[in-house]
Structures are given as structure tokens and as C-alpha cells.
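Just so it is clear, the structure is predicted and the values come from calculations on it, not from any experiment. Along the sequence shown, the residues carry numbers beginning at 1. All values below were derived from every heavy atom in this structure, side-chain atoms included, with hydrogens, water molecules and symmetry-related copies excluded.
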Amino acid sequence: MNSLLLVFIGLAMMVSGYLLYSRFLASKVYQLSDNFSTPSHTMEDGVDYVPTNKYVLWGHHFTSVAGAAPIIGPAVAVIWGWLPAFLWVTLGTVFFAGMHDLGALWASQRHRGQSIGTLSGRYIGAAGARSSSS
């Protein structure tokens, strides 16, 4: 298969996931609202809670979540071939990484900017908080 065709298929999957699946998650699952004030606005202190430009925030988020794909993708390709690696990167990004990261951001925003480790300790106990921060 032509590698350029794979690029276009991958881009189409990412764009479709962004336009369709993320819209579904935002409206039906997480019920996001433009009227919600984030902790950076309600608790602004100039140190830990500072309103930030959305492009800067996106850049920080992208760099923190983009670490696994360049490591796991080639490992999957070496072991099982290019098709599972391609599916891992494209479908995994849309259906697993995107949903997970949106959920983590949503939970943090709804709980005054607390970390997932703190929320794990509150909702599933100290053992869960220890394993999630390891």
C-alpha cells in the first residue's frame, strides 16, 4: 500500500474523530457548557491558577500526552507489523487517548483543578491513589 494513502487515511480518521466523536463526547457524555468557569478564572491567584491562552494550553496538553505513541507504535510495528501499528496510532488516538485525556481534564476542572491522583484517593481510596501516582 502506498504510504501517502496511509497518511491521508490517518488524517481522515483523526479529523473525523475530532469533528464527530469529540462532539459526541462533549455533548452527550461530559455535557460541556460554554457557561462553565474554570478554576483558573474562579480561583485566579497569579501563581497556580492563571487564565491561559487556549493555544498555549493546547501545546502543553499535546506535549504531555504525545509521549507514548512514538514509543509504542514502532514496538507494535516490529512485533506485529505495520497495520496493527497504524491502527494503534489512529484508532487508539481517537477512541482511547482522546477520550481518556478529555475525561481527565473534565474531572480536574469539575473538582477545582485537583489532580487525578488526588481524585483517585478521594473516590477509590488510598490504594488507588498510590497506584495512579506511580
Side-chain angles (χ1 to χ4, degrees):
M1 180 178 285
N2 186 342
S3 59
L4 193 55
L5 180 59
L6 280 178
V7 169
F8 287 124
I9 291 171
L11 287 173
M13 291 171 72
M14 297 289 181
V15 169
S16 298
Y18 175 75
L19 295 175
L20 302 173
Y21 188 57
S22 65
R23 185 173 292 148
F24 166 77
L25 289 173
S27 64
K28 302 293 185 202
V29 177
Y30 296 111
Q31 299 176 351
L32 302 182
S33 169
D34 289 337
N35 298 326
F36 180 80
S37 295
T38 64
S40 65
H41 288 93
T42 61
M43 301 168 30
E44 183 176 358
D45 63 2
V47 178
D48 293 321
Y49 298 95
V50 180
T52 305
N53 179 300
K54 67 181 177 181
Y55 299 110
V56 172
L57 185 62
W58 182 85
H60 284 283
H61 177 67
F62 181 78
T63 59
S64 68
V65 301
I71 296 168
I72 296 174
V76 169
V78 166
I79 297 168
W80 291 293
W82 66 268
L83 182 60
F86 176 75
L87 295 174
W88 169 268
V89 172
T90 54
L91 296 177
T93 297
V94 172
F95 292 107
F96 301 118
M99 183 173 149
H100 170 271
D101 296 338
L102 179 58
L105 290 170
W106 175 86
S108 177
Q109 293 297 307
R110 295 307 189 265
H111 292 88
R112 301 174 44 109
Q114 293 178 334
S115 71
I116 296 302
T118 301
L119 296 176
S120 297
R122 177 184 301 154
Y123 292 108
I124 61 175
R130 280 194 300 275
S131 66
S132 70
S133 62
S134 302

Residue set satisfying side chain to side chain donor-acceptor pair (under 3.5 Å) with Tyr21, at least two apart, ordered chain then number -> none
Interatomic distance, CG@Leu83 vs CH2@Trp88, rounded to 0.5 Å, equals 14.5 Å
Taken to the nearest 0.5 Å, the spacing of Ser37 OG from Met43 CE works out to 12.5 Å
**OP:** Indicate if Val56 and Leu105 have the same hydrophobic cluster label, given that clusters are the connected sets of ILVMFWY residues with side-chain heavy-atom separations under 4.5 angstrom.
**Re:** no
If hydrophobic clusters are built by linking Ile, Leu, Val, Met, Phe, Trp and Tyr wherever their side-chain heavy atoms come under 4.5 Å apart, do Leu11 and Leu87 end up in the same one?
no
Heavy atoms of His111 and Tyr123 approach each other most closely as NE2-OH, 2.9 Å
One should read off an interatomic distance between Leu32 CG and Leu25 CG, to the nearest 0.5 angstrom, of 9.0 Å
Taking atom CZ of Arg23 as the centre, report whether more than 12 heavy atoms of other residues, nucleotides or ligands fall under 6.0 Å from it. no
Residues pairing under side-chain hydrogen bond (donor to acceptor under 3.5 Å, both in side chains) where one sits in residues 41-56, two or more places apart or in two chains, turn out to be Thr38-His41
Across all chains, not counting sequence neighbours, the side chain to side chain donor-acceptor pair (under 3.5 Å) partners of Ser115 are Thr118
Using a 4.5 Å side-chain heavy-atom cut-off and chaining through intermediate ILVMFWY residues, the residues clustered with Phe8 come out as Leu4
Sorted by chain and number, sequence neighbours left out, ring-ring contact (aromatic ring centres under 6.0 Å, His included) with Phe86 holds for none
Taken in chain and number order and not counting sequence neighbours, the residues that satisfy ring-ring contact (aromatic ring centres under 6.0 Å, His included) with His100 are none
- Walk me through it: do Ile116 and Ser120 pass the test side-chain contact (heavy atoms from CB on, under 4.5 Å)? CA-CA 6 Å; Ile116 296 302; Ser120 297; 4.0 Å; yes
- [ ] Check the hydrophobic clustering (I, L, V, M, F, W, Y; side-chain heavy atoms under 4.5 Å; chains of links allowed) and say if Val78 and Val89 are grouped together.
- [x] no
Between Arg122 and Gln114, the two heavy atoms sitting closest are NH2-OE1, 2.9 Å
Output for pair (Phe36 CZ, Tyr30 OH), nearest 0.5 Å, gives 14.5 Å
Applying a strict under-4.5 Å side-chain criterion to I, L, V, M, F, W and Y, I'd like to know whether Met99 and Phe24 cluster together.
yes
So CZ of Phe96 and CG of Asp101: to nearest 0.5 Å the spacing works out to 13.0 Å
Here the gap from Met14 atom CE to Ile9 atom CD1, rounded to the nearest 0.5 Å, amounts to 12.5 Å
Determine, step by step, whether Leu6 and Asn2 satisfy the side-chain contact (heavy atoms from CB on, under 4.5 Å) criterion, reporting the C-alpha distance in whole Å, the side-chain angles of both residues, the deciding distance to 0.1 Å, and the verdict.
CA-CA 7 Å; Leu6 280 178; Asn2 186 342; over 6 Å; no
**Asked** Do any N or O atoms from the side chain of Ser108 and from the backbone of Ala104 form a donor-acceptor pair under 3.5 angstrom?
**Response** no
